[in-house]
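Please read the structure below before turning to the comments.
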Amino acid sequence: MTVSYRELGLVNTKEMFRKAMDGKYAVPAYNFNNLEQLQAIIQACVETKSPVILQVSKGARDYANATMLRYMALGATKLAEELGYKIPIALHLDHGDTFEVCKSCVDYGFSSVMIDGSHLPFEENIALTKKVVEYAHQFDVTVEGELGVLAGIEDEVSAEKSHYTDPDQVEEFVSKTGVDSLAISIGTSHGAYKFKVKPGESVPPLRFDILEEVEKRLPGFPIVLHGASSVVPAYVELINNYGGKLDGAVGIPEEQLRKAATSAVCKINIDSDGRLAFTAKIREFLAKNPQEFDPRKYLKPAREELVKLYKHKNINVLGSAERA
Ligand code: G3H
Ligand code: 13P
Ligand code: ZN
């Protein structure tokens, strides 16, 4: 049964991005797969009065179940109300790779979808993205497209090597497809291993020159940054101290994200940092309390850590706190 996102208490990303552009901050897009992650995102964003994009990958949708997700989203908007401050909440498909999955998300109450045709030849990316836009816009669902390829794994789209977005392509892409926002590749990548750096070396800076070129060609148009986890060293350390093995995990320095957030970048995607925080706290708890087997006992501190992490991001990195 088709449901409108409005019935779930959600909004699309149009107004969110307009305000983020004017206010020089970025809206957080936090990925979730389960109840505790969703609760933490809502609590952190209500407490910091931040707009938020609840982000679901294709894999997450398969994991959680499409029908469950619809009601989880409804639960999330009700929870936000109950917590006492109304914030704009969008439900967004992350890295949709076919027209069918995007359509299904629109039909199941998503307020925004990404069609990731970045691995396709330019004309094919345009054709696929346009098809999704034509469907989604009938229901006032916003669409994110992508140009340029991030290194690492983009869901099932594997990219061995990144290639930066070509600023000369962005105007044509946006005008021919009608997308509402554009993800670009300026040096970020997915996952916890973004760069190979030797001890003492710093990570290469993001290509702000490309971002500036894109902004010149698309004045006032919302840009999206994927792969924007900082891979918080304290969590990596905690994981490794309690039996994990994450060697050489490194992410994007917070100052660079802060700078990006003041530009046309209106949406910043963060998944890995949440995964690391959650896993770190669970590992720590189980190692210190080997007799415990009630999932609530170890999921509660993990959830609390997520709230802390997301509040920190909203306040100090994205600048989205107090903007709702
Ligand atoms: O960009 C990818 C996101 O981090 C989602 O990853 O496909 O493992 O859910 P996933
Ligand atoms: P991270 O792996 O850096 O958290 O990126 C997440 C992302 O881009 C989701 O689309
Ligand atoms: Zn991504």
Side-chain angles (χ1 to χ4, degrees), residues 13 26-34 37-38 40-41 52-66 69 72 90-98 101-102 105 110 112-119 143-159 162 165 181-195 203-204 206 222-233 235-236 239 246 248-254 256-257 260-261 265-280 306 309-310 312-314 317-318:
T13 58
V27 179
Y30 296 128
N31 289 68
F32 77 98
N33 314 271
N34 66 23
Q37 291 169 316
L38 183 57
I41 297 168
V52 67
I53 297 169
L54 304 171
Q55 194 156 259
V56 177
S57 71
K58 209 160 66 80
R61 196 165 179 248
D62 291 342
Y63 174 82
N65 177 279
L69 270 177
M72 283 172 83
L91 179 66
H92 174 79
L93 169 68
D94 192 23
H95 295 284
D97 60 348
T98 60
V101 72
C102 293
C105 285
F110 280 57
S112 178
V113 293
M114 174 189 194
I115 176 71
D116 181 357
S118 61
H119 54 290
V143 180
E144 175 184 325
E146 180 166 341
L147 268 182
V149 179
L150 274 67
I153 307 288
E154 299 214 358
D155 276 8
E156 280 149 32
V157 185
S158 174
S162 67
T165 302
S181 60
L182 181 68
I184 62 169
S185 174
I186 58 166
T188 60
S189 70
H190 290 105
Y193 302 91
K194 300 194 190 297
F195 308 101
V203 301
L206 297 180
I223 300 301
V224 177
L225 213 54
H226 282 247
S229 278
S230 293
V231 187
V232 179
Y235 294 137
V236 175
I239 289 174
L246 301 179
V250 52
I252 314 291
E254 288 187 344
Q256 294 201 33
L257 297 168
V265 170
C266 292
K267 171 174 179 271
I268 290 190
N269 287 8
I270 296 170
D271 187 0
S272 298
D273 278 342
R275 294 177 178 192
L276 291 167
F278 206 64
T279 301
L306 281 185
L309 170 76
Y310 295 140
H312 164 71
K313 300 265 182 202
N314 293 352
V317 184
L318 288 86

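Counting convention: from 1, in listed order, for ligands and their atoms alike. The structure displayed is predicted, hence computed values, not measured ones.
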**Report entry** Thr165 and Ile186, any side-chain heavy atoms less than 4.5 Å apart
**Finding:** no
Atom pair [atom1] ([X]) and [atom2] ([Y]), whose distance is rounded to the nearest 0.5 Å:
X: Ser57; Y: Asp62; atom1: OG; atom2: CG; value: 8.0 Å
X: Tyr310; Y: Ile270; atom1: OH; atom2: CD1; value: 8.5 Å
X: His92; Y: Asn31; atom1: NE2; atom2: CG; value: 9.0 Å
X: Leu246; Y: Tyr193; atom1: CG; atom2: OH; value: 4.0 Å
X: His95; Y: Lys58; atom1: NE2; atom2: NZ; value: 12.0 Å
X: Leu91; Y: Ile53; atom1: CG; atom2: CD1; value: 10.5 Å

Report summary line: In terms of heavy-atom contacts, Tyr30 and Ile41 come closest through CB-CD1, 3.6 Å
Looking at [Y], is its backbone amide N or carbonyl O close enough to the side chain of [X] to form a donor-acceptor pair, meaning the two atoms are under 3.5 Å apart?
X: Gln37; Y: Asn34; result: yes
X: Thr188; Y: His226; result: yes
X: Lys194; Y: Ser189; result: yes
X: Asp273; Y: Val231; result: yes

Looking at [X], which atoms of ligand 2 are within less than 4.0 Å of one of its heavy atoms?
X: His95; answer: 10 (O)
X: His226; answer: 8 (O), 10 (O)
X: Ser272; answer: 1 (P), 2 (O), 4 (O)
X: Ile270; answer: 4 (O)

Report summary line: Closest heavy-atom approach to atom 3 (O) of ligand 2 among Lys194, His190, Gln55, Met114 is made by Lys194
Query raised in the report: Nearest to atom 5 (C) of ligand 1 by heavy atom, Asn269, Asp271, Val56: which?
Result: Asp271
Report task. Examine Asp273 against ligand 2 and note whether any of their N/O atoms are separated by less than 3.5 Å. Result -> no
Query raised in the report: Is Gly59 near ligand 1, meaning one of its heavy atoms is under 4.0 Å from it?
Result: no
Query raised in the report: Given that the side chain starts at C-beta and the backbone is N, CA, C, O, which of these parts of His95 lies under 4.0 Å from ligand 1, counting heavy atoms, or is it both or neither?
Result: side chain
Report task. Between Arg61 and ligand 1, find which residue part has any heavy-atom pair under 4.0 Å and reply side chain, backbone, both or neither. Result -> neither
**Report entry** Geometric N/O contact Asn33 with ligand 1, under 3.5 angstrom
**Finding:** no
**Report entry** Geometric N/O contact Asn31 with ligand 1, under 3.5 angstrom
**Finding:** no
Requested in this report: Can you tell me, to 10 degrees, how wide the angle at the Zn ion (ligand 3) is between NE2 on His190 and ND1 on His226?
Outcome: 120°
So which bit of [X] gets within less than 4.0 Å of ligand 2, heavy atoms only: side chain, backbone, both or neither?
X: Asp271; value: both
X: Ala228; value: backbone
X: Asn31; value: side chain

Report task. With heavy atoms of Arg275 as the reference, note each atom of ligand 1 found under 4.0 Å away. Result -> 5 (C), 6 (O), 8 (O), 9 (O), 10 (P)
Query raised in the report: What residue and heavy atom of the protein are closest to atom 8 (O) of ligand 2, and at what distance?
Result: Gly227 N, 2.7 Å
Requested in this report: Report the nearest protein non-hydrogen atom to atom 10 (O) of ligand 2: residue, atom name, distance rounded to 0.1 Å.
Outcome: Asp94 OD2, 2.6 Å
